[in-house]
Amino acid sequence: LTVNQRIMQLTKTDVFFAVHGTGLANMLFMTRDSYLIEVYPPFWYWSCYQRFAKAIGVKSVVFKSKGERGPECKDAEDKSTLCQQKGIRDRSWNISINDGIKYLWGARLYVIEHKYHRDPATMRDD
């Protein structure tokens, strides 16, 4: 997509479900009361995109994945760059599809109520 097409796509996005990374900066173009579901690697704690979302009026939640620390981490308290990058962020990890669906359902309800000002309980799936 061109830059303009990407911007237009994001202005129309109600729910952005993405893995933690620089691509989340694109939420800058989302409208107020949209919703970000950010998937974190296991043991991750850097919340820069959560603060960014709050600053621009986008509701956000963190969805923690499952996995193990790598041998680069000396122990559970290791905050070194090597542990954070190679031992946590850059490893294989997974998420539960059922948990993802729960997060998406909650996001849908939030957007209907807060962005579109409708009562989700009175909506029908006709």
Side-chain angles (χ1 to χ4, degrees):
L1 298 174
T2 67
V3 172
N4 286 342
Q5 289 171 325
R6 176 72 63 198
I7 291 169
M8 290 306 298
Q9 182 182 47
L10 284 156
T11 60
K12 297 175 184 174
T13 297
D14 289 332
V15 179
F16 191 6
F17 192 116
V19 174
H20 176 82
T22 57
L24 289 173
N26 288 307
M27 83 172 107
L28 174 64
F29 304 109
M30 294 173 71
T31 57
R32 186 168 205 74
D33 290 323
S34 295
Y35 203 97
L36 168 68
I37 302 169
E38 181 181 1
V39 181
Y40 271 15
F43 314 107
W44 198 253
Y45 62 90
W46 292 345
S47 63
C48 56
Y49 296 110
Q50 298 297 301
R51 292 189 305 272
F52 181 30
K54 184 176 183 179
I56 63 172
V58 170
K59 171 74 173 167
S60 64
V61 296
V62 169
F63 180 7
K64 282 274 198 172
S65 62
K66 294 175 176 53
E68 297 184 13
R69 292 181 205 276
E72 299 83 359
C73 299
K74 296 179 201 114
D75 56 40
E77 303 301 318
D78 189 347
K79 304 281 190 222
S80 70
T81 301
L82 180 64
C83 174
Q84 292 303 304
Q85 291 177 355
K86 301 292 183 195
I88 294 176
R89 185 193 67 196
D90 298 342
R91 294 183 55 78
S92 294
W93 40 271
N94 60 60
I95 60 175
S96 158
I97 296 299
N98 288 335
D99 288 345
I101 290 169
K102 289 176 192 174
Y103 278 93
L104 285 169
W105 188 257
R108 175 183 178 267
L109 295 176
Y110 177 89
V111 168
I112 290 168
E113 184 174 351
H114 293 90
K115 187 173 184 176
Y116 296 108
H117 308 289
R118 298 190 57 196
D119 181 358
T122 62
M123 295 184 68
R124 295 177 29 183
D125 290 331
D126 294 334

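Atoms considered below: every heavy atom in the structure, side chains included; atoms not considered: hydrogens, waters and symmetry mates.
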Nearest atoms (heavy-atom pairs only) where [X] meets [Y]:
X	Y	answer
Tyr40	Trp44	CD2-O, 3.6 Å
Val111	Asp14	CG2-O, 3.7 Å
His20	Pro41	CB-CD, 4.3 Å
Thr31	Thr11	CG2-O, 3.6 Å
Met30	Thr13	CE-O, 4.0 Å
Ile56	Leu28	CD1-CA, 4.0 Å

Item to check | Side-chain (Arg91) to main-chain (Glu68) donor-acceptor, under 3.5 angstrom | outcome: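 Checking the backbone N and O of Glu68 against the side chain of Arg91, a donor-acceptor pair under 3.5 Å is found.
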Item to check | Backbone of Glu38 reached by a side-chain donor or acceptor of Tyr103 within 3.5 Å | outcome: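 Judged by distance alone, no pair lies under 3.5 Å.
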Rounded distance [0.5 Å steps], [atom1] in [X] versus [atom2] in [Y]:
X	Y	atom1	atom2	value
Asp90	Leu82	CG	CG	10.0 Å
Asn26	Gln9	CG	CD	9.0 Å
Leu109	Leu104	CG	CG	11.0 Å
Gln84	Phe43	CD	CZ	11.0 Å
Tyr35	Ile112	OH	CD1	12.5 Å

Checklist entry - Taking everything shown except Ile97 itself, do over 12 heavy atoms lie less than 6.0 Å from its CD1? => result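 No - once you tally the heavy atoms of other residues, nucleotides and ligands closer than 6.0 Å, there are 12 at most.
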Item to check | Other residues, nucleotides, ligands: >12 heavy atoms within 6.0 Å of Lys86 NZ | outcome: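 Result for NZ/Lys86: open.
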Grouping I, L, V, M, F, W and Y whenever their side-chain heavy atoms are under 4.5 Å apart, do [X] and [Y] come out in a common cluster?
X	Y	result
Leu10	Leu1	no
Leu24	Phe52	yes
Met27	Val61	no
Phe63	Val15	yes

Are [X] and [Y] linked by a side-chain donor-acceptor pair shorter than 3.5 Å?
X	Y	value
Lys66	Ser96	no
Thr122	Arg118	no
Ser60	Lys54	no
Ser80	Asp78	yes

Given side chains that start at C-beta, do those of [X] and [Y] come closer than 4.5 Å, heavy atoms only?
X	Y	value
Arg69	Ile88	yes
Asp33	Tyr116	no
Leu36	Gln50	yes
Cys83	Glu77	no
Thr22	Tyr49	yes

Next on the checklist: Determine whether Val39 and Phe17 satisfy the following criterion, side chain to side chain contact (heavy atoms under 4.5 Å, CB included), listing intermediate values before the conclusion.
Outcome noted: CA-CA 8 Å; Val39 181; Phe17 192 116; 3.6 Å; yes
Checklist entry - Between Tyr110 and His114, how do the two ring planes meet: parallel, tilted or perpendicular, split at 30° and 60°? => result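 Ring orientation of Tyr110 relative to His114: parallel.
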Next on the checklist: Does the structure place the NZ or CZ of Lys79 under 6.0 Å from the centre of the six-membered ring of Tyr45, at an angle of no more than 45° from the ring's axis?
Outcome noted: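 Yes - Lys79 lies over the ring of Tyr45, closer than 6.0 Å to its centre and within 45° of its axis.
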